[in-house]
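Numbering of residues begins at 1 and proceeds along the displayed sequence. Because the structure is predicted, anything quoted here is derived from the model rather than measured.
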Amino acid sequence: MAKENTGDVPKELFGSHPSRRKFVKAAGATGIITGGFAGCTGGNSNGSSPTSTSESEIVPGERDFSGVELSWWDHESPTLEALRKFSQEWAEKTGAEVSFTLGQPDRVRDKEQTVFNSGSPEIDIAGHLYSWLPRYVEGGHLMDMSSHVERLHSGWKENDWVQAVWEIDGTYQDRDGFYAMPTKFDVFNHWHNKALFEEAGLDPEKPPETMSDLPEYAKAISENTDAEGFAIPWTQFAAPWQWYLFAHKHGVPWYDENGYPAFWKEEHRQNSIKVLEMWQETTKYSPDGYGNMGYAGTTTSFIQGQVGMAYQWVAFGPTMMNPEKSNIVDDLAWGLTAAGPDNNDQLLGGWQAGVSKYSENKEAAFDCLAYVLNPENSLQGARDVGMASARQSVIGDEQVQEAQPWYDEMVPTALESAFPMPKRVGWLESVTGFGSFIQKAITNRDTDLESGLQEVAANTWETSKRSGYSPSETGQKP
């Protein structure tokens, strides 16, 4: 079915035709992903500093950057091992040094913003979530890498990337620039413990098919085994994603074309509340402290056999399959998240990295980033250390599919109907309050959901207006 355009991502990403952005080279590349996720293109817009760069071809890892010290900021994730491994290889080849500054996603976001606002050259490579890109681009904090991508040698294969992931991660609205490359590709998925399913009287080959099935499965596991039924990250940062996962599956957009909080519109309001009620019911069968459980905590409780089901990003799959860390390797099963009444689209996640505009080592920073993400390293990282790559050659590789078997069928299926979180200025300002409200709603089941949602909608309306949108053209402040 056609996607509803919320003004955050161009419609053509989800159609059968490649984007016609000016920087795109429509080379007709195809791959294993169908529809709008087939093929990808590189950039050819003007670079951010043409006077300081040669127009010669770039072969990452072959230039001399002796004495250069790069600072890469990112979050702690299963892909980090690969990023460190290949950046160190690049450093040894070029004579440079690379250090990492790490933190939880929301901490990274806030610290990067502080450094950017100061104009400090402290950051060379800035890892970030794709929904942060509007703020970074509007603030002029990231280098436009278009001309650099255009100059990469043909063996770097920029047309190997899944088109939609490349564009969602690297571009912003109708601007011609290209600002970031995908470093961790993610789709939100269902995972369960087959042994606990059997013990609970559930079919181990059949995960919950619909949203209404989810609390019933969780209850069966909790009441018939020694484990809890369901785990999912509920931090302030993660909570809005969990709500939007099923709000979207009810046909509820976050914004309308004017930046009005569409989830508060009369035709969407009851479904927005219904999703919260479903999560209130499901979390009755979650571990103690679930309201503040993060990504690591969710994974740990699941792989230790303390929880029968989990919703978690595919990038955590290698940890679940690692016998040195996981107690459930032989009982691990996976599938798509449950369907809603409107669709069974899957939520697209992922991190990317760009070069800070304030970096004093822009050439080296781009060279390092491009080396880490070249085809050979992307493939080796996925085969050996669980790197989650959006390169089509990686997703379709037999050894990768053996090491990460969800790439064989589940991930390509999920990509056919994947949807992103909103990408617009103002979203970050409103989503923090949304996360706090959702945390309150799932931990205090006496919360007045409608009045709480109205407060969130009012804040969303205000931030949209401050960000240059016109929510009043749709309606008054909620």
Side-chain angles (χ1 to χ4, degrees), residues 1-6 8-9 11 13-16 31-38 129-131 161-169 182 184-192 206-214 217 230-233 238-254 271 275 278-279 282 295 298-299 309-317 320 332-351 388-390 392 394-396 401 404-423:
M1 64 177 290
K3 301 286 180 186
E4 180 172 3
N5 183 25
T6 62
D8 309 310
V9 180
K11 288 182 179 179
L13 291 182
F14 300 102
S16 58
I32 65 169
I33 310 301
T34 62
F37 289 88
L129 187 67
Y130 64 74
S131 54
W161 295 90
V162 175
Q163 176 196 333
V165 176
W166 180 264
E167 294 205 13
I168 288 170
D169 283 11
K184 187 188 74 169
F185 158 66
D186 252 339
V187 180
F188 208 52
N189 294 119
H190 164 96
W191 309 84
H192 72 261
K206 291 185 178 180
E209 293 183 0
T210 68
M211 186 184 84
S212 60
D213 292 334
L214 199 56
Y217 275 59
F230 184 79
I232 192 172
W241 293 71
Q242 323 312 9
W243 171 80
Y244 194 49
L245 170 67
F246 282 114
H248 175 92
K249 295 185 184 205
H250 279 76
V252 178
W254 201 295
N271 279 333
V275 172
M278 184 279 294
W279 282 129
T282 303
Y295 295 104
T298 297
T299 302
M309 286 189 302
Y311 275 12
Q312 182 59 287
W313 296 107
V314 74
F316 288 85
M320 300 179 191
L332 181 63
W334 50 87
L336 302 178
T337 57
D342 191 71
N343 60 71
N344 194 24
D345 297 345
Q346 303 297 303
L347 183 58
L348 184 69
W351 275 62
S389 174
Q392 297 178 78
V394 174
I395 295 173
Q401 292 175 0
Q404 303 187 56
W406 38 88
Y407 278 114
D408 184 24
E409 182 176 349
M410 183 182 71
V411 169
T413 300
L415 279 175
E416 291 176 2
S417 60
F419 67 96
M421 290 291 274
K423 264 185 65 179

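Taking the six-membered ring for Trp and thresholds of 30 and 60 degrees, His192 and His190 have ring planes inclined between 30 and 60 degrees apart. Using bins of under 30°, 30° to 60° and over 60° for the plane-to-plane angle, the ring pair Trp161/Trp166 lands in the tilted bin. Between Trp243 and Trp254, the angle of the ring planes goes over 60°, which puts this pair in the perpendicular group of the 30/60° scheme.
Taking the six-membered ring where the residue is Trp, the centroids of Trp241 and Trp313 are separated by under 6.0 Å.
From Trp334, atom CH2 reaches atom CD of Glu409 across 11.0 Å, with rounding to the nearest 0.5 Å. Considering CE of Met320 and CD of Gln312, their distance stands at 5.5 Å, rounded to 0.5 Å. Note that CG of Leu336 and OG1 of Thr413 are 6.5 Å apart. Values are rounded to the nearest 0.5 Å. Here CD1 of Ile395 is found 4.5 Å from CZ of Phe185. Values are rounded to the nearest 0.5 Å. Residue Glu416 holds its CD atom at 11.0 Å from CG of Asp345, rounded to the nearest 0.5 Å.
Lys423 contributes a side-chain N or O that, together with a main-chain N or O of Ile168, makes up a donor-acceptor pair within less than 3.5 Å. Between the side chain of Tyr407 and the main chain of Ala388, no donor-acceptor pair closer than 3.5 Å is present. A donor-acceptor pair under 3.5 Å links the side-chain atoms of Tyr130 to the main chain of Leu348, judged by distance alone. A donor-acceptor distance shorter than 3.5 angstrom exists from the side chain of Gln346 to the backbone of Asn344, with no hydrogens or angles considered. A donor-acceptor pair is defined here as one N or O able to donate and one able to accept, closer than 3.5 Å; no such pair exists between the side chain of Asp186 and the backbone of Trp351.
The nearest pair of heavy atoms linking Met410 to Gly335 is SD-O, 3.2 Å. When every heavy atom of Tyr295 is checked against every heavy atom of Ala238, the shortest pair comes out as OH-CB, 3.4 Å. Of all the heavy atoms in Val187 and Asn189, the pair that sits closest is O-OD1, 3.0 Å. Leu214 and Phe246 make their closest contact through CD2-CE1, 4.3 Å (heavy atoms, listed as atom of the first residue, atom of the second, distance).
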Residue pair Tyr311, Gln242: steps toward the side chain to side chain contact (heavy atoms under 4.5 Å, CB included) verdict: CA-CA 9 Å; Tyr311 275 12; Gln242 323 312 9; over 6 Å; no
Please report the C-alpha distance between His248 and Asn343 in whole Å, then the side-chain angles of each, then the deciding distance to 0.1 Å, and finally whether the side chain to side chain contact (heavy atoms under 4.5 Å, CB included) criterion is met. CA-CA 8 Å; His248 175 92; Asn343 60 71; 3.6 Å; yes
Please evaluate residues Asn271 and Val275 with respect to the criterion side chain to side chain contact (heavy atoms under 4.5 Å, CB included), reporting the C-alpha separation (whole Å), side-chain torsions for both, the decisive distance (0.1 Å), and the verdict. CA-CA 6 Å; Asn271 279 333; Val275 172; 5.7 Å; no
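Side chains of Ser212 and Met278 form no contact here, defined as non-hydrogen atoms less than 4.5 Å apart.
Residues that satisfy the salt bridge (charged side-chain N to carboxylate O under 4.0 Å, His left out) test with Lys249, not counting sequence neighbours, are absent from this structure.
Here the rule is ring pair (Phe, Tyr, Trp, His ring centres under 6.0 Å) with Phe230, and of Tyr217, Trp191, Trp279 only Trp279 fits it.
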